[in-house]
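Notes for the one structure printed next.
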2 protein chains.
Amino acid sequence: MLTIGKLAQDTGVKVPTIRYYEQIGLLPEPGRSAGNQRLYGQGQLERLRFIRHARDLGFPLEAIRDLLSLSDRPDQPCAAADGIARAQLDAVRARIRRLKALEGELERMVAQCAHGTIRDCRVIEVLGDHALCAQDHPAAAG
Amino acid sequence: MLTIGKLAQDTGVKVPTIRYYEQIGLLPEPGRSAGNQRLYGQGQLERLRFIRHARDLGFPLEAIRDLLSLSDRPDQPCAAADGIARAQLDAVRARIRRLKALEGELERMVAQCAHGTIRDCRVIEVLGDHALCAQDHPAAAG
DNA sequence: CCTAATCTCTCTAGTAACTATAGCTTCAAG
DNA sequence: CTTGAAGCTATAGTTACTAGAGAGATTAGG
Ligand SMILES: [Zn+2]
Ligand SMILES: [Zn+2]
Ligand SMILES: [Zn+2]
Ligand SMILES: [Zn+2]
């Protein structure tokens, strides 16, 4: 059995984050010691490793919640799990596309600045007027 | 003079967002009509367009706050503004690098799944064990 | 056995950048 | 004059944590 601190060490997830995951129901409530401290077993360790790895790959917690409940039903077809992964892949690709457009505009801005005064700064100028941009770069999360 | 609704239309920034920007001091408090409704002039319109465009390019509000106060001092050298833009460019590039690593892992996961049951699903398997990943993909924001 | 250092406990609040809701007042059109 | 849209304030919710306060538990050394 592991204390919360050991579990944190073994998984790389910080102690308050573990408690937070418990609070939102992503980790089940563990047993407690005589002195009311949380004690975790191997199953919890693996579950938390799964969460950690999925987070590292950018899955939102709600998607992870779904993946975990799927992985509790090993006989079911895996189409739903694959769908979640593909959705995540699409989201990642969309973010890359958007960020590349931003990268291009920022490069142009920085490159065109003559390093004089603010009055003539291309950075300030472009920020004030999207017509000076080479591409459209819609808002969207990023 | 523009009402808040017109200003929202003209800039593409939603009404509650404009009030939020005022609340955090990014937009100065505008004048009011007899009936206590906000009224904006041309200067405010341009300022909000600047904010909107910088947001679209991914600048955080704190950076925008600095850029705005720089742009109020046109005689100053623009090095600080350029520095903020370069920092934003670096941040964007870092996010792209990270997302590309994720994209690669997600592609592999999805491609290797045989579409059987959860028990044999490569997606679930890889999520449970980072050793099955081809690269390291550290946590970090993004 | 006692004490000091380290963990752990609960609870609250704060982060970024908004978005949504509730309940009210004001304005413009017919 | 009435109705519907737009505006007002204030509060709370979003995502995924992180930080802090103040109290109790555990462990290592003496
Ligand atoms: Zn410049
Ligand atoms: Zn632009
Ligand atoms: Zn599968
Ligand atoms: Zn991995």
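Treat the numbers as computed from the prediction; the structure is a model and nothing was measured. Chain naming here is simple, since letters A, B, ... match the order of the sequence lines and numbering starts at 1 in each.
Within a 6.0 Å sphere centred on CD of E29(B), heavy atoms belonging to other residues, nucleotides or ligands number 12 at most.
Think of the region where chain B sits on DNA chain C: with heavy atoms and a 4.0 Å cut, that region ends 5' and 3' at dA17(C) to dC27(C). If you walk DNA chain D from 5' to 3' and mark each nucleotide with an atom closer than 4.0 Å to a heavy atom of chain B, the marks span dG7(D) to dT9(D).
Put simply, CG on L26(B) and CD1 on I18(B) are 12.0 Å apart, with the number rounded to the nearest 0.5 Å. Here the CD1 atom belonging to I96(B) is positioned 4.0 Å from the CD atom belonging to E103(A), to the nearest 0.5 angstrom.
Listed by first and then second residue, the ring-ring contact (aromatic ring centres under 6.0 Å, His included) pairs involving residues 109-135 of chain A are H130(A)-H137(A), H130(A)-H53(B) (not counting sequence neighbours).
For the pair E22(A) and R19(A), the salt-bridge criterion is not met [side-chain N within less than 4.0 Å of a carboxylate O]. A salt bridge does not link R49(B) to E46(B): none of the charged side-chain nitrogens sits closer than 4.0 Å to a carboxylate oxygen.
Of the two residues contacting DNA chain D, namely I4(B) and F59(A), the nearest-nucleotide position lying further toward the 5' end is that of I4(B). Nearest-nucleotide positions on DNA chain C for R55(B) and N36(B) put R55(B) closer to the 5' end. The residue among Q37(B) and T17(A) whose nearest nucleotide of DNA chain D is located toward the 5' end is Q37(B).
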In sequence, state the C-alpha distance, the side-chain angles, and the governing distance for V126(B) and E105(B), and then conclude on side-chain contact (heavy atoms from CB on, under 4.5 Å). CA-CA 9 Å; V126(B) 173; E105(B) 295 302 340; 5.6 Å; no
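Formation of a donor-acceptor pair under 3.5 Å by the R47(B) side chain with backbone atoms of L68(B) is not found in this model.
If you check every strand for non-hydrogen atoms under 4.0 Å, R19(A) touches a base.
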